[in-house]
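Just so it is clear, the values below take in all heavy atoms, side chains as well, and ignore hydrogens, waters and symmetry mates. Below, read A as the first sequence line, B as the second, and so on, with proteins coming before strands; counting in each chain starts at 1.
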2 protein chains.
Amino acid sequence: MPSETKNALSANDWAEAALAAIAARGIEGVAIEPLARELGVTKGSFYWHFANRDALLKAALDCWEARETDDVLARVAEETDPKLRIQRLITEVNTSKRASRIYTALSSASKPALVREYVERVSRRRLDFIIDCYAGLGMHVDSARRWALQTYSVFLGSLQIRRDLPDEWPASDDPAFAEYVRFLMISLLPPEARPVAQDTRYQRVARTGTS
Amino acid sequence: MPSETKNALSANDWAEAALAAIAARGIEGVAIEPLARELGVTKGSFYWHFANRDALLKAALDCWEARETDDVLARVAEETDPKLRIQRLITEVNTSKRASRIYTALSSASKPALVREYVERVSRRRLDFIIDCYAGLGMHVDSARRWALQTYSVFLGSLQIRRDLPDEWPASDDPAFAEYVRFLMISLLPPEARPVAQDTRYQRVARTGTS
DNA sequence: ACGTGTCAATACGCCGGCGTATGGAACAAG
DNA sequence: CTTGTTCCATACGCCGGCGTATTGACACGT
């Protein structure tokens, strides 16, 4: 196996480049010849490693699925306490921009039916994981499902908002961001499991005479 | 103006077809010749009505923006009571599948910078509207923004989940759906504005001896 | 020195979509 | 009947991406 002896490309290099292309230009942006140019080679290289474009897509999606499940979920799952686990889940909203771009790109239109399988598997595993988190709080299954659905919705919606309205989303160093996270910590945890006793999310505006 | 005398196509027909194409095949699916085939004409027709593909995209996005703001927001805004307004907003999650497909398609990758403007405008108008809804409850601006961000996230996330995991989402006639809506009614309204006094979202599972 | 296997460059044909140019067909007005 | 306008068809050239075939450059073992 004469690998890593020279600057020869591996199939994995192509898969990674494909993922980057998905993040940057969407699923349709995974084109052999442009990718080859970016990698400094020609497509003669590509067709040695892969049979066709679909094979590349499949390889890239395999990478993605592995990272999005075994990786990020494992990072959260190492927190054994169910309450802290949910909290960590919430702060993970600040996950890498690249990951979120890939997800929304995959989840969008076109969906060559190959992509669909991957998105569905990853989504289901994520949701099931969150359901387990809430079930770990001693919650009934139906309740846990509702809470999880809400939390996962907030997660996905946050990714979208960060894409569509980058200005509206507070930066990580903005105190408003920390406040929002604390807000979510309360909203997304059932009353009995909340970090602080009192709910400070609702401050009425000072009374004025106007209407 | 010899319009509607024959079966002649108008520019608006093309724009509508383009929107349908966005919903079905994404932004890249807006191709002149396939659209012409669907409409039963050739692209000779198209290039009489439009200068190029970008002009068509712009026309389609104008239609979309009008519908997504002046239309759907107006439908919710006719409810004057702020509390009921938020509730109606929540039930609007069940909006047309087509609308959600268009949105996610637009918000995905590629984003030829032309699309970006439209998505940003629509998103901002939606978010501002929701912020006003919460402010209408007498909430402080910062608080209202947090609540709105959460609610809009739930809304967007729900659209995504319905796309990615159609099986996991309860059907409209499923009692689980009604229960989830009631769940959200409580979650997404501040304590003082909730429809019912007691919070029934958290039912602990019956105690068992196992672990 | 000689083959063999690995990885890549080059050249080619194909297809589908874009945009243009030109030529109608229908219809109204004079 | 001619003329002009509106709307569409046809034919063409162009480009970019896909996939194949062929050749070539190294690295190795023998």
Checking C/dG17, D/dG19, D/dC8 against the side chain of B/Pro34 (C-beta onward), the nearest is C/dG17
Heavy-atom nearest nucleotide on DNA chain C taken for B/Asp54 and for A/Ser45; more 5' hit belongs to A/Ser45
Please tell me which of the listed nucleotides, D/dT20, D/dC8, C/dG19, lies nearest to the side chain of B/Arg53?
-> C/dG19
Nearest to side-chain heavy atoms of B/Thr42, which nucleotide of D/dA11, D/dC8, D/dG19 | D/dC8
A/Asp62/A/Lys58 salt bridge by N-O under 4.0 Å criterion | yes
Between C/dC12, C/dT20, C/dG17, which nucleotide has the shortest distance from any of its atoms to the side chain of B/Glu33?
-> C/dG17
How close or far is atom C1' of C/dG19 from atom NZ of B/Lys43, stated in whole angstroms?
-> 7 Å
Can you check the A/Phe50 CZ to D/dG17 C1' distance for me, whole Å?
-> 18 Å
Minimum-distance nucleotide (side-chain atoms of B/Trp48 versus C/dG17, D/dG17, D/dT6) = D/dT6
Find the distance A/Leu56:CG to D/dG17:C1' and express it as a whole number of Å.
-> 14 Å
From CG of A/Leu39 across to P of C/dA9 the rounded distance in Å is 11 Å
Of all the choices, D/dT10, C/dC7, D/dC18, which nucleotide is nearest to the side chain of A/His49 once you look at every atom?
-> C/dC7
Starting at atom CZ of B/Phe46, determine the distance to atom P of D/dC8, rounded to an integer number of angstrom.
-> 13 Å
The side chain to side chain contact (heavy atoms under 4.5 Å, CB included) partners of A/Pro166 (sequence neighbours excluded) come to B/Arg116
Flag this pair as yes if the NZ/CZ of A/Arg121 is under 6.0 angstrom from the six-membered ring centre of A/Tyr118 and inside a 45 degree cone about the axis; otherwise no.
-> yes
For the pair made of CG in B/Leu35 and P in D/dC8, what is the distance, rounded to whole Å?
-> 14 Å
Return the orientation label for the B/Trp147 and A/Phe183 ring planes: parallel under 30°, perpendicular over 60°, tilted otherwise.
-> perpendicular
B/Arg37 side-chain N/O to D/dA9 phosphate OP1/OP2 under 4.0 Å = no
Nearest to side-chain heavy atoms of B/Ala31, which nucleotide of C/dG17, C/dG19, D/dA9 | C/dG17
Taking atom C1' of D/dC12 as reference, at what distance in whole Å does atom OH of B/Tyr47 sit?
-> 14 Å
Do B/Glu68 and B/Arg125 sit within salt-bridge range, that is, some charged N less than 4.0 Å from a carboxylate O?
-> no
Mind calculating the distance between CD (B/Glu28) and C1' (C/dC18) to the nearest angstrom?
-> 14 Å
